[in-house]
**Student:** 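Submitted below is the structure of interest, expressed as structure tokens.
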Amino acid sequence: MAAARTERPGPSRFVLPIAGLIGLGICLAGILVLYDPQGGQNILASIYDALGNGAGASELRNGSGDQVVAKILLALIALLVGVGGIWLLYLGVGSLVSVLQPTWRDRILPWVFVGPALALLAVFLVYPAAGTILRAFQDNEGQFTLSNFAVMTDPEFLLILRNNALWLVVGTAGSVLLGLVIAGLFDRVRRESLAKTFVFLPLAISLVGASVIWGFMYAWQPAGRPQIGLLNAIVVQFGGTPVPWLTTSPINVFAEIMILVWLQTGFAMVVLSAAIKGVGAEIIEAARLDGATERQLFFKVIVPMIRGSIITVATTIAIVTLKIFDIVYVTTGGRFKDDVVGVRMFHEIFQFFNDGRGAALATLLFLAVLPVMYINLSNFRRQQRQG
Amino acid sequence: MAKRLRTTSALAVVVMMLVSACGSSTTTTSPGMSAAPSAAPSAAPSASAAPTEPPASAPPAAAVPTVPTGYTELDAALGADKPFNGKTVSIQTQWIGGEGTNFANSVADFAAATGMKIQIDSIGSSHETVLKTRIDGGKPPDLAMLAQPTPVLAYAADGKVIDVATFMDPNKLSTEHPATIGLVTQGSNIWGIPYKADVKSLIWYPIKAFAAKGYEVPKTWDELIALSDKIVADGSNPWCVSAGGPGDATGWQITDWVEEVILKTKGTDYYNKWISHEIPFSDQGIKDALNNYVGKIFFTPNYVFGDSQSIVPSDMKTVMDPMFNEDLASPQCWMQKIPTWYGPDFFPDQRASGTASKFVIGEDVGMFPFPTIDPAQNNAEGSADTLMVLADRPEVRAVAEFLSTPEGIQRWIEAGSAISANSTTPADWYAGAYKLKVAADVANNASGIGFDASDLMPGAVGAGTFWTKMDEWANGDGSDTDAILKAIDDSWPAQ
Amino acid sequence: MTAPAQTKPATRVSAWRPPLLRSLPLRLSVIAICFLWTLPTLGLLVTSVRDPILIAKSGWWTSLLSPFNPPDQWTLSNYQTVIASDGMGNAFINSLIVTVPSTVIPITIAAFAAYAFAWVPFRGRGILFTIVVGLLVVPIQMSLIPILQIYSAGNLYGTFLGIWLAHTGFGLPLAIFLLYNFMSQLPRDLFESAAIDGATHLQVFIRIVLPLSVPALGAFAIFQFLWVWNDLLVALVFLGPGAEVRVLPTALYQLIGSRGGSWHLLTAGAFITMVVPLLVFLVLQRAFVRGILAGSVKS
């Protein structure tokens with residue numbers, strides 16, 4: 001496609017808008033099909049009918065027959081719509097807007113780009129969040145009240161704050177630092193993919209699987225019984241008494257954080273590794289020509305260049321630690337002085353039926369993330385200025 | 001999993017049923033029986049209704065009640081023209097695995113007889129989360145089973161539950177579920193139907209090993225302590241104790257111990273006042289229960305296998321494994337207090353292989369009633385599951401009515417694993433199963449029955465601080481009972 | 001991040017490799033790291049092929065240390081039980097059907113948005129972006145009930161479309177964040193020269209930014225795939241508990257819950273579940289290796 005100069009007229013200008021309309025059509029048709037719970041079955045049945053396989057068609061409509069094929073067909077349609085259709089839509093609308101006058105174009109085009117994302121976010125995340133914040137200020141009858149925030153005066157609340165702070169600091173720092181070092185080291189290893197796979201592996205295991213594994217690391221049997229947990233086996237080997245890691249405070253908090261670090265280091269490594277590879281070769285060659293050692297190269301040249309990625313990774317992991325739930329809930333349920341806001345919120349809503357108090361805790365969580373957001377905003381603005 | 005056991009139970013029902021079945025001529029109006037006042041302030045359950053003498057009978061070949069049942073929709077469903085043929089009713093439960101199969105079998109005959117499709121959503125431990133989400137989110141199942149009555153009442157307060165008194169005869173319901181119905185009744189509204197009952201005042205032990213060592217089953221607390229001392233002297237540990245964990249459920253078993261002792265030392269009136277918080281946790285009676293009784297078992301040296309520090313970290317499913325040492329020939333622990341549901345599923349050999357255990361309940365492993373402490377306070381502890389109706393269609397009503405009948409749980413009883421909450425269930429249905437017979441005996445001999453207290457207390461305490469603080473108490477070797485009890489009192493939600 | 005002023009026409013070395021680690025201590029530490037990280041997973045693997053009775057009796061390393069004694073301690077029966085169990089095949093397919101669109105669809109939407117946040121100035125860009133990042137903290141449990149209300153009113157409950165949309169919505173903050181991070185670090189002169197050529201934003205996006213962003217797209221794809229593949233709660237709530245739409249984690253959980261404390265099944269199940277995401281990771285790894293800024297300013 002030739003670069004379109006704004007003054008070049010011609011039919012090629014209409015290619016994209018027409019493609020856009022086609023995309024719109026695909027999307028609409030596809031969504032209609034997808035919306036029908038029997039969509040896949042119906043389409044497949046029509047295909048069968050067209051091919052003369054009447055029996056297969058009626059089987060499908062009755063709920064038996066080639067259901068699996070129907071489901072796969074539905075997924076393929078979804079891919080067609082979700083990728084192809086949406087692409088064409090974007091292209092079409094984008095190019096339509098592109099032919100507008102520059103002032104209008106510059107005002108509208110960004111919203112074309114971010115519009116669908118914002119719409120989805122508004123429905124799936126903003127709306128529930130807003131509802132939660134509202135609920136935090138209501139009592140069970142819907143009247144305005146601040147009493148839900150009394151959850152902050154619970155004696156255990158200080159403990160919860162302490163634990164979340166530990167998670168935030170130790171969990172984030174640990175994962176990011178380890179991820180950085182590992183990404184840098186592995187960058188220079190011959191079988192890099194293999195090595196990275198080992199560190200990435202924990203992420204592939206579901207959280208249920210992870211808690212089983214770490215259950216085997218932390219498992220405890222009374223002294224005198226054979227230890228089936230690795231840590232306690234080592235402890236006993238050196239003559240100590242086995243420690244119930246998960247039920248002993250405060251070591252249990254660190255034991256749980258270790259699980260997170262084990263998982264999130266893989267995440268940090270993947271992102272930072274991609275960032276490191278994005279650092280231009282000439283920069284590194286230039287530094288090398290200037291006489292930098294490998295270590296200086298890494299810490300003084302590469303790291304500053306990937307500063308944005310480091311902040312991204314740190315932000316993401318920090319937010320994960322703030323709302324941490326699964327690890328704590330599955331290992332101890334927060335019952336051994338290791339409670340965190342996420343678990344407490346879950347208990348309040350789903351076990352104690354205190355929706356208001358749970359919502360208050362969620363609101364506190366939203367407040368706690370504001371500093372993190374602020375750091376990101378500064379970083380964003382800095383990047384925009386620098387470029 | 002702990003939750004499913006902690007259901008309010010209609011043990012008085014069992015009492016009534018068993019008393020009449022065992023041929024005793026005195027109609028028992030179980031004097032100590034009373035519903036927990038906090039849950040049902042206005043319902044004085046008609047515990048004194050004279051039980052009708054149900055005909056002694058073997059379970060019917062097909063697990064469906066005979067028409068007329070006394071319920072309109074149920075009669076219609078079982079009618080020849082099958083008006084609900086092809087309709088689907090969904091029910092969400094926590095039960096998976098063996099229990100899930102038993103429940104599925106319980107409704108299979110009914111589904112076949114009526115042509116209905118009963119879709120059982122067995123969720124497992126995410127049950128409460130998914131249920132609340134579905135109910136609040138507007139897509140509830142038609143029916144749901146709950147392990148405690150407090151959530152039923154909470155949902156009812158939100159207006160999400162159908163009052164079964166609108167389509168079922170409240171008198172019939174009350175008569176057939178005399179003790180449990182009060183827990184889900186508010187005024188003239190009945191929010192649930194008690195379904196499956198459970199007995200908790202039981203201690204499991206290895207029968208043959210006891211005989212081989214000449215140990216006798218203790219009947220009183222003193223005998224229990226003497227036996228424990230004897231076992232220690234013989235070089236073993238008498239008790240395997242778990243707090244009920246791992247994870248979020250840790251603590252419920254300790255609360256069961258405490259509740260048991262309170263019932264047997266202070267009686268049901270005191271117990272019920274404790275549930276409603278008229279008597280605080282810091283009361284002397286509770287302190288004594290902890291320090292002098294539960295603490296004695298937990299903290300006397302060598303009593304508990306692995307020492308008192310092992311109570312909290314122990315997994316409740318595997319804690320009894322030392323008892324099966326050398327195929328029960330030389331147990332490393334001899335007793336554990338655990339409800340009736342503990343069974344072959346959890347024996348180590350069946351856990352590992354998936355095939356039926358080689359140990360027979362009643363021959364190799366058995367249960368004896370929790371010994372009496374105060375001979376005047378021979379009370380037992382129990383719990384039950386409740387059915388909640390969430391949709392108002394005729395076929396849903398039919399299924400709900402079916403589940404309220406003895407036939408609704410018949411297959412489960414035949415599997416030897418359940419007790420019906422319906423008092424008209426013929427007693428000889430239970431005769432063949434050792435577990436159920438022992439449970440029945442316990443209930444039969446009890447002068448009063450208390451419902452699992454932590455199931456009836458507000459959630460923040462009953463599933464919250466009571467459990468957590470008991471874990472702390474056990475981990476602390478019982479040294480700071482006063483501070484622990486005060487902390488639980490402080491956490492009681494302000495009304 | 002700025003590229004230094006180019007003094008010669010940039011002919012990029014496409015497969016530049018950094019010098020290999022020479023020093024032994026560093027090499028050893030690489031091996032040590034790999035070993036430590038894999039240790040828990042190794043425990044999982046070993047447990048999954050052990051005789052179930054042994055699992056409760058002794059630590060998994062004992063089987064490694066004495067592999068031949070006892071003789072029949074290794075077994076594949078755990079895997080067999082899991083694979084052959086009821087509904088596992090169907091659950092596997094359902095998981096694929098749920099996961100693939102949920103991974104691919106957010107990429108498109110997020111890529112456009114991230115590009116706009118990075119390179120298309122407009123009012124409110126900063127605030128909007130910050131809010132998007134902030135949305136990462138919204139706990140899933142808080143979203144379930146309101147969305148379910150919408151779905152049940154809109155007849156989306158139990159449909160695959162519903163869960164695809166939900167996972168797309170939940171995954172967008174991370175997607176936009178990761179892609180923005182990458183795109184914003186592309187050198188400014190790329191865009192400047194493109195502007196000189198008169199290319200529209202659309203063209204720049206398609207022809208320049210997108211190809212360069214492949215590593216970031218791949219990174220996000222992996223994480224989204226993992227998250228959706230292993231998800232239990234969202235599927236239970238939006239697809240429903242029915243057996244025909246059950247996904248793999250749910251099916252596994254049903255199997256395991258039926259045998260209290262059955263680690264042998266849990267571990268085997270965890271491994272089976274892990275195979276597919278691992279394949280995805282390995283395939284997408286190639287995208288990472290490339291990663292060097294290829295294109296340059298061509299006049």
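Atoms considered below: every heavy atom in the structure, side chains included; atoms not considered: hydrogens, waters and symmetry mates. To find a chain, count down the sequence lines: A is the first, B the second, and so on, and within it residues start at 1.
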**Student:** For chain C, which of A:Ile31, A:Leu120, A:Leu34 has the most heavy-atom pairs under 4.5 Å?
**Tutor:** A:Leu34
**Student:** If I measure from the heavy atoms of chain A, does C:Leu135 come under 4.5 Å with its side chain, its backbone, both, or neither?
**Tutor:** both
**Student:** Classify the angle between the aromatic ring planes of A:Phe113 and C:Phe112 as parallel (below 30°), tilted (30 to 60°) or perpendicular (above 60°).
**Tutor:** perpendicular
**Student:** Chain C heavy atoms under 4.5 Å from A:Phe200: which part of the residue, side chain, backbone, both or neither?
**Tutor:** side chain
**Student:** Can you tell which part of C:Ile140 gets under 4.5 Å to a heavy atom of chain A, answering side chain, backbone, both or neither?
**Tutor:** neither
**Student:** Which atoms of C:Thr62 are under 4.5 Å from chain A, going by heavy atoms: the side chain, the backbone, both sets, or neither?
**Tutor:** neither
**Student:** Heavy atoms, side chains only, cut-off 4.5 Å: are A:Trp262 and C:Thr41 in contact?
**Tutor:** yes
**Student:** For C:Tyr115, which atoms come within 4.5 Å of any heavy atom of chain A: side chain, backbone, both, or neither?
**Tutor:** side chain
**Student:** Please classify the contact of C:Leu144 with chain A as side chain, backbone, both or neither, using a heavy-atom distance under 4.5 Å.
**Tutor:** neither
**Student:** Between A:Thr197, A:Ile86, A:Leu118, which residue shows the highest count of heavy-atom pairs closer than 4.5 Å to chain C?
**Tutor:** A:Thr197
**Student:** How about C:Phe281 and A:Leu203: do any of their side-chain heavy atoms sit closer than 4.5 Å?
**Tutor:** no
**Student:** Using non-hydrogen atoms and a 4.5 Å limit, figure out which bit of A:Ala117 sits close to chain C: side chain, backbone, both or neither.
**Tutor:** both
**Student:** Which region of C:Leu128, side chain (C-beta onward) or backbone (N, CA, C, O), has a non-hydrogen atom less than 4.5 Å from a non-hydrogen atom of chain A, or is it both or neither?
**Tutor:** side chain
**Student:** Counting only heavy atoms closer than 4.5 Å, note whether C:Phe220 contacts chain A via side chain, backbone, both or neither.
**Tutor:** neither
**Student:** Taking side chain as everything from C-beta outward and backbone as N, CA, C, O, which of these in C:Ala118 sits under 4.5 Å from a heavy atom of chain A? Side chain, backbone, both or neither.
**Tutor:** backbone
**Student:** Only pairs of heavy atoms separated by less than 4.5 Å count here; which of A:Phe124, A:Phe346, A:Trp87 has the most with chain C?
**Tutor:** A:Phe124
**Student:** Which bit of C:Ile109 is near chain A, if near means a heavy-atom gap under 4.5 Å: side chain, backbone, both or neither?
**Tutor:** both
**Student:** If we ignore angles and hydrogens, is there a donor and acceptor under 3.5 Å between the side chains of A:Asn376 and C:Thr130?
**Tutor:** no
**Student:** Report the option among C:Asp231, C:Leu161, C:Asn181 that has the most heavy-atom pairs separated by less than 4.5 Å from atoms of chain A.
**Tutor:** C:Asn181
**Student:** Measure C:Ala270 against the heavy atoms of chain A and call it side chain, backbone, both or neither at under 4.5 Å.
**Tutor:** side chain
**Student:** Could you tell me if the side chain of C:Thr200 sits less than 4.5 Å from the side chain of A:Leu109, heavy atoms only?
**Tutor:** no
**Student:** Does some side-chain heavy atom of A:Phe267 sit less than 4.5 Å from a side-chain heavy atom of C:Leu226?
**Tutor:** no
**Student:** Less than 4.5 Å apart, any side-chain heavy atom of A:Leu79 and any of C:Val100?
**Tutor:** yes
**Student:** Contact part of A:Ile276 toward chain C, heavy-atom cut-off under 4.5 Å: side chain, backbone, both or neither?
**Tutor:** neither
**Student:** Taking the side chain as everything from C-beta on, heavy atoms only, tell me whether A:Thr312 gets closer than 4.5 Å to C:Phe177.
**Tutor:** yes
**Student:** Based on non-hydrogen pairs under 4.5 Å, which of A:Ile72, A:Val68, A:Ile182, A:Leu91 is most in contact with chain C?
**Tutor:** A:Leu91
**Student:** Checking A:Leu377 against chain C: side chain, backbone, both or neither under 4.5 Å from a heavy atom?
**Tutor:** both
**Student:** By a 4.5 Å heavy-atom criterion (distance strictly below it), what part of C:Leu232 contacts chain A: side chain, backbone, both, or neither?
**Tutor:** neither
**Student:** Check each atom of C:Tyr180 against the heavy atoms of chain A and say whether the ones under 4.5 Å are side chain, backbone, both or neither.
**Tutor:** side chain
**Student:** Only counting residues at least two apart or in another chain, list the ones meeting ring-ring contact (aromatic ring centres under 6.0 Å, His included) with C:Trp61.
**Tutor:** none
**Student:** If you count heavy-atom pairs under 4.5 Å between each of A:Leu121, A:Thr132, A:Leu370 and chain C, which one has the most?
**Tutor:** A:Leu121
**Student:** At a heavy-atom separation under 4.5 Å, does A:Tyr127 approach chain C through its side chain, its backbone, both, or neither?
**Tutor:** side chain
**Student:** Compare all side-chain heavy atoms of A:Val271 with those of C:Phe223 and state whether any distance is below 4.5 angstrom.
**Tutor:** yes
**Student:** Between C:Leu202, C:Val120, C:Thr159, C:Ile105, which shows the greatest number of heavy-atom pairs under 4.5 Å with chain A?
**Tutor:** C:Leu202
**Student:** Which atoms of C:Pro106 are under 4.5 Å from chain A, going by heavy atoms: the side chain, the backbone, both sets, or neither?
**Tutor:** neither
**Student:** Got a donor-acceptor contact below 3.5 angstrom from the A:Lys71 side chain to the C:Phe160 backbone?
**Tutor:** no
**Student:** For a 4.5 angstrom cut-off between non-hydrogen side-chain atoms, does C:Pro139 reach A:Phe366?
**Tutor:** yes
**Student:** When rounded to the nearest 0.5 angstrom, what distance separates CG in C:Leu136 from CE in A:Met373?
**Tutor:** 10.0 Å
**Student:** Checking heavy atoms, do the side chain of A:Leu76, its backbone, both or neither come under 4.5 Å from chain C?
**Tutor:** neither
**Student:** When only pairs under 4.5 Å are counted, which of A:Leu322, A:Val320, A:Val372, A:Thr315 shares the most heavy-atom pairs with chain C?
**Tutor:** A:Thr315
**Student:** Please classify the contact of C:Leu165 with chain A as side chain, backbone, both or neither, using a heavy-atom distance under 4.5 Å.
**Tutor:** both
